Amino acid sequence: MRLLFDENFNQRILRGLKLEIPNLDYLVVQNVGLKGKSDPEVLDWSSKNECVLVTHDLKTIPKFGYERINKRLNFTGVIAISSDLPIGQAIDELAIIFQCSNLSDFKNQILYLPI
């Protein structure tokens with residue numbers, strides 16, 4: 001399962017996750033030409049490239065995800081993490097999700113952390 005980390009995602013969480021999972025398959029929005037792009041564009045790109053989007057944006061990304069579901073536009077999925085979640089807990093929960101899930105588990109789903 002490949003993850004796409006949103007533009008304003010806490011890089012300390014990403015660094016910790018990479019230490020926990022050395023083979024983490026991930027991309028960052030800024031590194032794939034999506035910096036400054038709209039949320040619908042990011043969701044569309046993540047779906048076309050089979051990445052689950054990981055974000056701290058609890059307001060607009062889920063809204064656009066639900067809009068895609070209502071329009072019957074498939075998307076790969078979203079993991080929405082509260083920016084108030086302690087870094088260690090975010091790392092632990094993401095590690096469990098990454099190691100115990102596959103891409104199809106997230107199709108047209110929005111998962112909020114903490115669980």
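This is a predicted model, so every value here is computed, not measured.
For the atom pair CD1 (Ile79) and CD1 (Ile97), the distance works out to 4.5 Å, reported to the nearest 0.5 Å. Atom-to-atom distance recorded for Thr60:OG1 and Glu67:CD is 10.5 Å, nearest 0.5 angstrom. Put simply, OG on Ser38 and CG on Asp44 are 9.0 Å apart, with the number rounded to the nearest 0.5 Å. The distance from atom CG of Leu58 to atom NZ of Lys63, rounded to the nearest 0.5 Å, is 14.5 Å. Atom CD of Glu20 sits about 13.5 Å away from atom NZ of Lys18, to the nearest 0.5 Å. Here the CD1 atom belonging to Ile91 is positioned 10.0 Å from the CD1 atom belonging to Ile21, to the nearest 0.5 angstrom.
Distance alone, capped at 3.5 Å, places no donor-acceptor pair between the Asn49 side chain and the Cys51 backbone. Using a distance-only test at 3.5 Å, with no hydrogens or angles considered, no donor-acceptor pair links the side chain of Asp6 to the main chain of Val54. Using a distance-only test at 3.5 Å, with no hydrogens or angles considered, no donor-acceptor pair links the side chain of Glu50 to the main chain of Thr76. Looking only at distances, a side-chain donor or acceptor of Gln30 sits under 3.5 Å from a matching main-chain atom of Glu7.
Note: His56 and Phe9 have parallel aromatic rings, judged against thresholds of 30 and 60 degrees for the angle between ring planes.
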Practice prompt. Begin from the C-alpha positions of Leu43 and Glu41 and carry the test side chain to side chain contact (heavy atoms under 4.5 Å, CB included) through to its verdict.
Written response: CA-CA 5 Å; Leu43 281 170; Glu41 289 173 301; over 6 Å; no

Discussion item. Side chain to side chain contact (heavy atoms under 4.5 Å, CB included), that's the test. Do Leu14 and Val28 meet it? Break it down for me.
Written reply: CA-CA 10 Å; Leu14 178 53; Val28 179; 4.0 Å; yes

Worksheet item: Yes or no on side chain to side chain contact (heavy atoms under 4.5 Å, CB included) for Thr55 and Asp39, after CA distance, side-chain angles and deciding distance?
Response: CA-CA 11 Å; Thr55 186; Asp39 293 342; over 6 Å; no

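Residue Glu93 comes nearest to Leu113 through the heavy atom pair OE1-CD2, 3.2 Å, listed as atom of the first residue, atom of the second, then distance. Minimum heavy-atom separation, Phe75 to Gly65: CE2-O, 3.4 Å. Heavy-atom minimum distance, Leu4 versus Ser46: CD2-CB, 3.8 Å. Heavy-atom minimum distance, Leu19 versus Pro22: O-CD, 4.2 Å.
Using a 4.5 Å heavy-atom threshold, the side chains of Leu111 and Val52 count as separate.
Cluster annotation: Phe106 and Leu24 are assigned to the same hydrophobic cluster (Ile/Leu/Val/Met/Phe/Trp/Tyr, side-chain heavy-atom contacts under 4.5 Å, transitive). Both Ile87 and Phe98 are part of a single hydrophobic cluster, where members link through side-chain heavy atoms under 4.5 Å apart. In the hydrophobic clustering of this structure, Ile110 does not group with Leu73; members are Ile, Leu, Val, Met, Phe, Trp, Tyr whose side-chain heavy atoms approach within less than 4.5 Å, directly or through other members. Following chains of ILVMFWY side-chain contacts shorter than 4.5 Å, one can reach Leu27 starting from Val78, so the two form part of one hydrophobic cluster. No single ILVMFWY cluster, assembled from side-chain heavy atoms under 4.5 Å apart, contains both Leu53 and Ile115.
Under the side chain to side chain donor-acceptor pair (under 3.5 Å) criterion, Asp25 pairs with Arg2, sequence neighbours left out.
Atom CD of Gln89 sits in a crowded spot, with more than 12 heavy atoms from other residues, nucleotides or ligands closer than 6.0 Å.
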